[in-house]
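Proteins get letters first, then strands, A, B, ... in listed order; numbering begins at 1 in each. Computation of the quantities below employed the complete heavy-atom set of this structure, encompassing side-chain atoms and omitting hydrogens, waters and symmetry-equivalent molecules.
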Amino acid sequence: MDKKQATKRAIELRRKLQYHNYRYHVLQSPVVSDVEFDRLLAELRQIETEHPDLVTDDSPTQRVGGEPVDKFERVRHPASILSLSNAFDPDDIRSWFDRIAKIDERVEHAGFVVEPKLDGLTVVLHYEKGVFVLGATRGDGQYGEAITSNLRTVRSLPLRIPVESGGPPAPSRLVVRGEALIFRDDFKVMNQALEAAGERTFVNPRNTASGALRQLDPSLTASRPISLLCYAVVDGEGELPGTQWETLAWLRELGFPVASEPSRVPDLEAAIEAAQELETRRENLAYELDGAVIKIDDLQLSSELGVVGKDPRGAIAYKFAAQEVSTQLQDIGVNVGRTGVITPYAILEPVEVGGVTVRQATLHNFDFIKDKDIRIGDRVMIKRAGDVIPYVIGPIEDARQGDEKPFRMPRRCPSCGEALEQVEGEVAVYCVNSACPAQLVRNVEHFASRGAMDIEGLGIKVAQQLVEEGKIGDVGDLYSLTEDRLLDLEGFAEKKAQALVAAVDASRSQPLQRLIGALGIRGIGDVVAGDLALAFGDLDALSRANADNLTQVEGVGPNLAQAVLDWFDQNKNKALLEKLKQARVWPRVDRSPALQGPLALDGLTFVVTGTLPHLTRDEAKELIKIQGGKVAGSVSRNTNYLVLGENPGSKLDRAQQLGIPTLDEDGLRRLIETLGRGGED
DNA sequence: GATCCTCGAGTTCG
DNA sequence: CTCGAGGATC
C-alpha cells in the first residue's frame with residue numbers, strides 16, 4: 001500500500017471506528033459485531049505502525065494509553081468550574097427560589113431543567129476544530145490537572161466531533177463539562193473479574209473512577225470501565241444554545257454521551273416533584289447519583305443572577321439521603337446460627353443510612369473479613385440500597401491511624417465454649433456441640449417460625465427464656481409445657497401463658513412437610529421438606545429410609561441424604577421423635593391429591609418481585625402453588641412469567657434480558673381464570 | 001468436567 | 001436480597 005492509499009484508508013477507518021464506538025458506548029446499539037470492530041481497529045493499528053507519521057491525536061488507537069507521565073500539568077480553566085449550593089428538603093429549594101426571585105423578577109416565570117446529580121469525577125474537555133485536545137479535572141474550580149491521555153481511554157468520550165456526519169457543525173473551539181463515572185453493571189462485572197483473579201475488589205464506583213483517572217500510567221486507566229456523561233458547555237466560539245435543555249440536546253447531537261433522565265418542567269413545584277421522582281427511581285438507574293440538580297433553563301438569566309462564593313445562584317443541588325456512608329467499626333461480634341454456623345457481625349458507631357440508624361451489619365463470614373482486610377477500629381463504608389439490609393462494603397484504608405487491630409478468629413463457641421470446626425474447603429465455621437444452648441435457642445425459634453410450625457408468641461426472646469430457665473431441653477418438650485410452668489417466667493401472666501399453650505397445641509395439625517422443615521436438618525428447607533414428605537408419607541418411614549431411598553427424591557443427592565441419615569442417627573433426635581409421637585405431633589401426608597383434575601398453572605414456573613396491590617408476596621406465592629404452579633426464587637430461562645409489583649428489584653432486569661413476559665396481579669388472576677376454564681374442557 | 005439452576009441460611013430496623 | 005453449595009444437565 002503506498003503512502004497515499006494508506007492515508008486515505010486510515011482516515012476512513014478512523015471515521016468508521018469513531019462511528020461504531022459511538023453506536024456502542026453512547027447509543028448502546030451497535031451495528032457491527034465486536035469481532036468486526038476489532039478487525040477494523042487492528043487494520044488501523046497496522047497502518048499506523050507502518051506509517052508512524054499518520055498517527056493522530058484523535059485516532060482510536062490512542063485510547064489504549066500512551067506513556068506514563070511523572071506528574072500532571074496544571075491547567076487554567078477557561079471559566080470557573082462552579083460547584084453548587086445544597087438543599088436537603090423541598091423547603092430549602094423553595095427558599096432558594098424566593099431569594100433569587102427577589103433579585104430578578106423574571107425568575108417568577110422561569111422554567112427549570114432537573115438532572116441527576118452524578119456521583120463521579122467532574123471533567124473539563126477541550127475541543128479544537130472538533131478534535132479532543134485536552135481534558136482536565138475540576139481541581140479547585142480555577143485550575144485543574146491535565147489528564148488528557150487518561151481521558152482518551154474512556155470509550156464513550158468522542159475524540160472528534162461531530163461523531164456522525166450530518167450532525168451540527170462543531171465550533172472551532174468548544175469546552176464541555178461532564179462527569180466521568182462507572183456504571184453499576186460495569187462496576188459489578190469488573191469486581192467479579194477481579195475476585196475471580198484473586199485480586200482485591202473496589203469499594204465503590206466513584207472512588208474507583210476518580211482513582212483510575214489520576215493514575216500516572218494511562219494503561220491502568222484503560223483497564224477500568226469508565227464512562228462519561230456530559231451536561232454543560234463551559235466555553236465555546238460561535239453560537240451556543242440559549243437554554244440548558246437545548247444544550248443537552250445539542251451535546252447529544254454532536255455525539256457526546258448525555259444522560260437520558262433530565263426533564264424540563266414549567267415551574268418550581270414541578271421541579272421539586274421531578275427531583276423527588278428521581279429519588280424514588282434512584283436504585284433503578286444505570287449509575288449512582290447522590291441527588292438531583294435543579295437549573296434555571298434560561299442560561300442568560302442564570303448567568304445574570306451571578307455567583308455567591310463558588311456557587312451560582314441559577315442552580316441548586318437537592319441532596320438525597322445518603323445511602324452510603326462511613327462510620328467506625330467498634331467491634332466484631334459473633335453469632336451462632338441454628339445449624340451451628342458461626343457468623344461475624346459488625347458493631348458500628350450508630351449512623352444514619354438511607355433514613356434509618358444502623359448499629360449492626362452482618363459480615364457474612366470470616367473469609368469476608370480477611371479478603372477485605374477489615375480491622376477493628378477501621379472506618380468502614382456502609383451501604384443500604386432500597387429497603388435492603390445494610391452491609392459493610394469495606395474499610396477506608398486511607399483513614400487508618402495505625403491503632404486498628406486485625407480481627408482474631410474465635411477458636412471456641414461464644415455460647416458453649418466448645419472448640420469450633422471448619423470443614424476443609426468450606427467457608428463456614430461450625431460449633432459442632434449438639435448440646436450448645438445458643439443452637440437450641442435458634443432451633444426452637446426456627447421450629448416455631450411462620451414458615452415452619454407457626455407457633456404464635458414464640459419468638460427468639462421467649463425461646464431464650466425457655467432454654468435458659470431449663471423449661472425445655474428440645475423442641476419436643478414444648479408440647480408438655482403447662483400454664484403453671486410458664487407463669488414463673490418473667491413477663492408471663494395468665495393470659496400470655498394460656499395463649500402460648502394454645503398456640504403450641506394448635507401446631508399439632510401442621511402438615512408433615514412443615515414438621516420436616518421445622519426439625520432443622522442441615523440443608524433441608526421448605527422445598528426439599530415438601531418432596532420428602534410426599535415421598536415417605538410420615539416420620540417413621542423417613543427415619544427408616546436409607547441413602548438409596550433418599551437420593552431417589554428429586555433434589556436430594558449424596559450430601560443431603562447423608563445429612564438426613566446423620567440427623568436420624570443421633571440419639572437426642574431419636575428421643576425427640578419419641579416425644580413428638582407421644583405428644584401426637586405426627587402428621588401423615590394426605591395422599592389423595594386434588595381431585596379437580598389438571599390445575600390451571602400446572603407446569604408453569606413463576607417468580608414474584610416487588611409489592612403487589614392487594615396480595616403480599618407470600619400470598620401471591622401461595623395462590624400460584626394452589627393453582628399448581630411453581631414459584632422460583634430467581635429468574636432463569638426456565639421461568640415462564642415474572643409477576644411484577646411496584647418497586648421491582650434486579651429480577652426485572654434479568655427478566656428483560658431473557659425476554660421473559662411479566663404479569664401484574666390482575667394479569668395473574670386473568671391467567672388463572674383463562675387456563676382454569678381451558679383445563680376443564 | 002463445566003455450567004446452569006435451585007435451594008437454604010442468615011440478616012436490619014421500626 | 002445475596003451468597004455459597006449441592007444437584008441436575010449437557
Side-chain angles (χ1 to χ4, degrees), chain A residues 188 191-192 195-196 201 283 321 323 327 333-348 350-368 371-372 382-393 422-430 438-439 442-443 445-446 449 451-452 460 513 516-532 550-564 605-611 617 621 630-639 647-654 658 660:
Chain A
K188 228 177 180 171
N191 261 348
Q192 278 164 0
E195 203 168 338
T201 55
E283 287 304 314
Q323 297 200 310
T327 188
V334 169
N335 273 328
V336 185
R338 74 180 159 82
T339 54
V341 186
I342 307 292
T343 51
Y345 61 95
I347 300 166
L348 305 163
V351 66
E352 284 269 312
V353 198
V356 300
T357 310
V358 174
R359 293 177 184 80
Q360 276 188 17
T362 177
L363 290 169
H364 309 297
N365 55 57
F366 296 105
D367 276 13
F368 182 84
D371 289 350
K372 302 268 178 182
I382 306 294
K383 183 170 184 156
R384 206 186 92 110
D387 21 29
V388 188
I389 293 153
Y391 63 100
V392 175
I393 311 171
Q422 183 164 26
V423 182
E424 187 69 22
E426 259 185 58
V427 173
V429 177
Y430 289 93
Q439 278 183 60
R442 302 305 285 268
N443 212 250
E445 183 197 9
H446 170 72
S449 68
I460 185 144
Q513 161 181 0
I516 294 175
L519 295 176
I521 303 167
R522 194 185 290 181
I524 308 295
D526 275 359
V527 176
V528 181
D531 294 340
L532 290 175
L550 288 165
T551 45
Q552 294 295 306
V553 177
E554 169 140 343
V556 180
N559 288 302
L560 287 186
Q562 196 54 50
V564 174
T605 300
F606 294 78
V607 172
V608 188
T609 186
T611 315
R617 255 210 299 278
K621 287 178 186 171
K630 267 181 68 178
V631 182
S634 61
V635 178
S636 72
R637 271 187 290 273
N638 300 335
T639 310
N647 294 324
S650 57
K651 289 171 185 170
L652 177 58
D653 299 342
R654 180 126 175 86
L658 297 172
I660 286 159

Quiz item: CD1 of A:Ile521 versus C1' of B:dC7: gap in Å, rounded?
Solution: 15 Å
Self-check item: Heavy-atom closest contact (A:Pro350 atom, A:Thr357 atom, distance)
Solution: CB-CG2, 3.9 Å
Exercise. On DNA chain B, check which nucleotide each of A:Val358 and A:Val341 is closest to and give me the residue with the more 5' one.
Key: A:Val341
Practice problem: Provide, to the nearest angstrom, the distance between the CD1 atom belonging to A:Ile393 and the P atom belonging to C:dC3. | Solution: 13 Å
Quiz item: To the side chain of A:Pro558, which of B:dT6, B:dT12, C:dG7 is closest?
Solution: C:dG7
Quiz item: Where is the tightest heavy-atom contact between A:Ile521 and A:Ala563, given as atom of each residue plus distance?
Solution: CG2-O, 3.7 Å
Practice problem: Measure from CZ on A:Arg359 to P on B:dC13 and round the result to the nearest Å. | Solution: 7 Å
Quiz item: Nearest heavy-atom pair of A:Val429 and A:Phe366: which atoms, and what distance?
Solution: CG2-CD1, 3.8 Å
Quiz item: Below 4.0 angstrom from OP1 or OP2 of B:dA9, is there any side-chain N or O of A:Arg338?
Solution: yes
Practice problem: Measure from the side chain of A:Thr609, starting at C-beta and using heavy atoms only, and say which of C:dC1, C:dG6, B:dG8 lies closest. | Solution: C:dC1
Quiz item: DNA chain C: A:His364 or A:Val553, which has the more 5' nearest nucleotide?
Solution: A:His364
Quiz item: Among the nucleotides B:dA9, B:dC5, B:dC13, which one has an atom lying closest to any side-chain atom of A:Gln360?
Solution: B:dC13
Exercise. Please report, rounded to the nearest Å, how far the C1' atom of C:dG7 is from the CG atom of A:Leu532.
Key: 14 Å
Self-check item: Out of B:dG14, B:dG8, B:dT6, whichever nucleotide has its closest atom nearest the side chain of A:Val527
Solution: B:dG8
Quiz item: For A:Tyr430 and B:dA9, what is the distance between atoms OH and P respectively, to the nearest whole Å?
Solution: 9 Å
Quiz item: Any idea which of B:dT11, C:dG6, B:dG8 is nearest the A:Asn559 side chain?
Solution: C:dG6
Exercise. Using a cut-off of strictly less than 4.0 Å, decide whether A:Arg637 has a side-chain nitrogen or oxygen near OP1 or OP2 of B:dC5.
Key: yes
Quiz prompt | Atom-to-atom span, CZ of A:Phe606 to C1' of B:dT6 - whole angstrom | solution = 18 Å
Quiz item: So, is A:Thr362 close to the B:dT12 phosphate, meaning a side-chain N or O under 4.0 Å from OP1 or OP2?
Solution: no
Practice problem: Can you figure out which of B:dA9, B:dC4, B:dT11 approaches the side chain of A:Thr339 most closely? | Solution: B:dA9
Exercise. Measure from the side chain of A:Asn638, starting at C-beta and using heavy atoms only, and say which of B:dC5, C:dG6, B:dG10 lies closest.
Key: B:dC5
Quiz item: Is the closest side-chain heavy-atom distance between A:Val528 and A:Val556 below 4.5 Å?
Solution: yes
Quiz item: Taking the side chain of A:Tyr345 as heavy atoms from C-beta outward, which of B:dT12, B:dC5, C:dG6 is closest to it?
Solution: B:dT12
Quiz item: Considering only side-chain heavy atoms of A:Thr343, which listed nucleotide, C:dC1, B:dT11, B:dC13, is closest?
Solution: B:dT11
Quiz prompt | A:Ala452 to A:His446 - nearest heavy-atom pair and separation | solution = CB-O, 3.3 Å
Quiz item: Between B:dG8 atom P and A:His446 atom NE2, what is the distance in whole Å?
Solution: 10 Å
Quiz item: Of the non-hydrogen atoms in A:Pro558 and A:Thr551, which two are nearest, and what is the gap between them?
Solution: N-CG2, 4.0 Å
Self-check item: Toward the 5' end of DNA chain C, by each residue's nearest nucleotide, A:Glu554 or A:Val608
Solution: A:Val608
Quiz item: Whole Å only: how far is the CD atom of A:Gln562 from the C1' atom of C:dA5?
Solution: 17 Å
Exercise. Identify which nucleotide among B:dC7, B:dA9, C:dG6 has an atom closest to any side-chain atom of A:Val528, counting heavy atoms from C-beta outward.
Key: B:dC7
